[in-house]
Peer 1: 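One structure is given below, represented as structure tokens, and several questions about it will come after.
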Amino acid sequence: MARVPPVFVHIRIGLLAISILQVFWLIYHGVLVENRRGGTVFKRLKKSATAFNILLLILVLSNITMLVAVIIRVLAATREDYLLSLILLTVSAASMNHSYICCTWNRGSKLAEIVSPRTFPYARAIVAYGPFTFYATPIATIVQIAVPTFDSSRVSQVLYILSACLTILFDAYIVLMYSRYLHQLSQWHPNQRDEHLNIISRYGIASSIAGVMCLVGFIGHVVYGDQLEGQIFSLFAQMFGFLMHSALLLMKRMLVRQKNKEETERRLASKAAKVSNSRMSDQAATMLPIK
């Protein structure tokens, strides 16, 4: 294994620290911000356990595990450390791929069915059957470690690249779908626009582009292995993986802000209507003839 520049380790430790803070922010935001009127902490926690929140949490935790695995691999002093890091790396990569496409699909599937109904079944097939390919990679790696006489390294590489290609196809579909929707949105009257879908589209495009760059890095790492070039591609992948889930966290924050804004506007409009009705009633009463 080529010597890893210390700055690579420092960058990974920095990404790891920020990602851990993002986990705490996600839990805090889901329990105390999104459901601030939800009653007890237990009830808030239960209400915040939506499919999107759980998938997003798994995605961030998977990225954390991957960063830890790479740091262990770089600093590995024994063969056991190296094998442990290899298992953690392949399992976390599969989990990250799976949770990412499910997270993206959870937010964009309804819009995808409307905007691109002809290609919708193919994207749905990737979401449904892609995980078989994703998790086949760590299984092949574990088999190779458990049975040293069985060389599955080539199979693992092929499965790894196939998983990446499937996710890249999915990302390309998501980017095209959201771009088409934003193009249609620009031609609509402002009163006809759904700001929630606008936010989902913009941040969905950002996370998908970051996801593609992350997967390009993974493929480069598989091709070059533990050489210096492979280490550069690995760091490249982890940085864009961090940006990918950060874009989804920002999407979540902006959606909650938009929801609160709309609730405030409705509340103010309701108060204004009540005041207006009260004034009209008072004026009508003063205009009644005196008997």
Side-chain angles (χ1 to χ4, degrees), residues 14-35 47-67 92-112 115 123-124 126-127 130-131 134 163-164 166-179 181-182 194-218 236-260:
L15 293 176
L16 178 62
I18 297 171
S19 298
I20 291 171
L21 290 176
Q22 287 177 331
V23 170
F24 287 109
W25 178 87
L26 180 58
I27 295 170
Y28 164 80
H29 195 270
V31 176
L32 298 178
V33 178
E34 288 183 56
N35 300 292
K47 287 179 69 175
S48 67
T50 61
F52 181 76
N53 285 347
I54 292 171
L55 289 167
L56 188 52
L57 180 61
I58 293 171
L59 176 60
V60 180
L61 290 174
S62 298
N63 199 35
I64 288 173
T65 306
M66 181 177 292
L67 286 166
S92 59
S95 176
M96 192 167 86
N97 268 344
H98 189 196
S99 56
Y100 165 69
I101 65 169
C102 288
C103 198
T104 304
W105 196 244
N106 178 273
R107 276 287 184 250
S109 59
K110 292 181 180 178
L111 183 61
V115 175
R124 184 171 57 188
I126 292 177
V127 176
F134 300 158
S163 299
L166 282 175
T167 312
I168 287 173
L169 282 175
F170 178 80
D171 279 326
Y173 169 79
I174 292 296
V175 169
L176 290 173
M177 182 268 294
Y178 281 144
S179 299
Y181 172 74
L182 288 175
D194 187 328
E195 284 302 319
H196 291 271
L197 291 178
N198 185 20
I199 291 168
I200 290 171
S201 298
R202 293 184 184 281
Y203 285 93
I205 289 173
S207 66
S208 294
I209 291 174
V212 169
M213 301 305 292
C214 173
L215 291 164
V216 168
F218 281 145
F236 182 86
Q238 282 139 25
M239 291 174 69
F240 276 99
F242 170 80
L243 292 175
M244 177 183 70
H245 76 242
S246 296
L248 292 172
L249 286 168
L250 280 171
M251 176 201 289
K252 177 181 176 59
R253 174 62 187 138
M254 296 306 294
L255 286 171
V256 172
R257 180 180 291 182
Q258 180 62 28
K259 180 184 176 183
N260 292 338

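These numbers come from a predicted model, not from an experiment. We use all heavy atoms of the structure for the numbers below, so side chains are in, but hydrogens, waters and symmetry mates are not.
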Peer 1: Residues in side chain to side chain contact (heavy atoms under 4.5 Å, CB included) with Leu255, at least two apart?
Peer 2: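 Testing Leu255 for side chain to side chain contact (heavy atoms under 4.5 Å, CB included), a comparison that skips the adjacent residues, returns Arg107, His196, Ile199, Ile200, Met251.
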Peer 1: Quick check: closest heavy atoms across Gly108 and Met177, and the distance to 0.1 Å?
Peer 2: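 Taking every non-hydrogen atom into account, O-CE, 3.8 Å.
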Peer 1: How close do Thr104 and Tyr178 get, counting heavy atoms only, and between which atoms?
Peer 2: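 Closest pair (atom of Thr104, atom of Tyr178, distance): O-OH, 4.4 Å.
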Peer 1: Any heavy-atom pair between the side chains of Ile126 and Trp105 that's under 4.5 Å?
Peer 2: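 Sidechains of Ile126 and Trp105: no contact.
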Peer 1: Taking side chain to side chain contact (heavy atoms under 4.5 Å, CB included) as the test, write out the residues that go with Ser208, two or more places apart.
Peer 2: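 In terms of side chain to side chain contact (heavy atoms under 4.5 Å, CB included), with neighbours along the sequence ignored, Ser208 is linked to Tyr100, Asp171, Ile174, Val175.
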Peer 1: To the nearest 0.5 Å, what is the distance between SG on Cys214 and CE on Met239?
Peer 2: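 Answer for the SG-CE pair, Cys214 versus Met239, is 11.5 Å.
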Peer 1: Would you be so kind as to tabulate the donor-acceptor pairs closer than 3.5 Å made by side chains of residues 15-27, with sequence neighbours excluded?
Peer 2:
from	atom 1	to	atom 2	distance (Å)
Ser19	OG	Leu15	O	2.8
Gln22	OE1	His245	NE2	2.6
Gln22	NE2	Ser246	OG	3.1

Peer 1: Any chance you could measure Arg202, atom CZ, to Met254, atom CE, to the nearest 0.5 Å?
Peer 2: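 Between Arg202 CZ and Met254 CE, I get 11.0 Å after rounding to 0.5 Å.
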Peer 1: Which pairs, with at least one residue in residues 93-102 and sequence neighbours excluded, count as a salt bridge (Lys or Arg N to Asp or Glu O under 4.0 Å)?
Peer 2: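 Passing the test, one end in residues 93-102: no pairs.
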Peer 1: Quick one: are Leu166 and Asn97 in side-chain contact, heavy atoms under 4.5 Å?
Peer 2: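 No, too far: nothing below the 4.5 Å cut-off.
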Peer 1: Any non-hydrogen side-chain atom of Leu111 less than 4.5 Å from a side-chain atom of Ser201?
Peer 2: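 In short, these two side chains touch, coming nearer than 4.5 Å.
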Peer 1: When rounded to the nearest 0.5 angstrom, what is the spacing between OH in Tyr173 and CZ in Arg124?
Peer 2: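 That separation rounds to 9.5 Å.
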Peer 1: Does a side-chain heavy-atom distance below 4.5 Å link Val216 with Phe240?
Peer 2: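 A side-chain contact is absent here, since even the closest heavy-atom pair is not under 4.5 Å.
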Peer 1: Mind checking what makes side chain to side chain contact (heavy atoms under 4.5 Å, CB included) contact with Ala206, not counting sequence neighbours?
Peer 2: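 Partners of Ala206 under the side chain to side chain contact (heavy atoms under 4.5 Å, CB included) test: Ala247.
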Peer 1: So with a 6.0 Å cut-off around CZ of Arg253, is the heavy-atom count from everything else above 12?
Peer 2: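 Yes, enclosed.
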Peer 1: Show every donor-acceptor pair shorter than 3.5 Å between a side-chain atom in residues 52-61 and any protein atom, with sequence neighbours excluded, or say none if there are none.
Peer 2:
from	atom 1	to	atom 2	distance (Å)
Asn53	OD1	Lys252	NZ	2.4
Asn53	ND2	Ser48	O	2.7
Asn53	ND2	Thr50	OG1	3.3

Peer 1: side-chain contact (heavy atoms from CB on, under 4.5 Å) between Phe134 and Ile101: does it pass, once the steps are laid out?
Peer 2: CA-CA 11 Å; Phe134 300 158; Ile101 65 169; 3.7 Å; yes
Peer 1: Which heavy atom in Asn106 sits nearest to a heavy atom in Ala51, and how many Å separate them?
Peer 2: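 Smallest heavy-atom distance, with atoms named: ND2-CB, 3.7 Å.
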Peer 1: Determine the minimum heavy-atom distance between Gly204 and Ser207, stating which atoms define it.
Peer 2: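 Heavy-atom minimum between the residues: O-OG, 3.0 Å.
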Peer 1: Which distance, rounded to the nearest 0.5 Å, do you find between the CG of Leu249 and the CE of Met244?
Peer 2: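 Atom-to-atom, Leu249:CG and Met244:CE are 10.5 Å apart.
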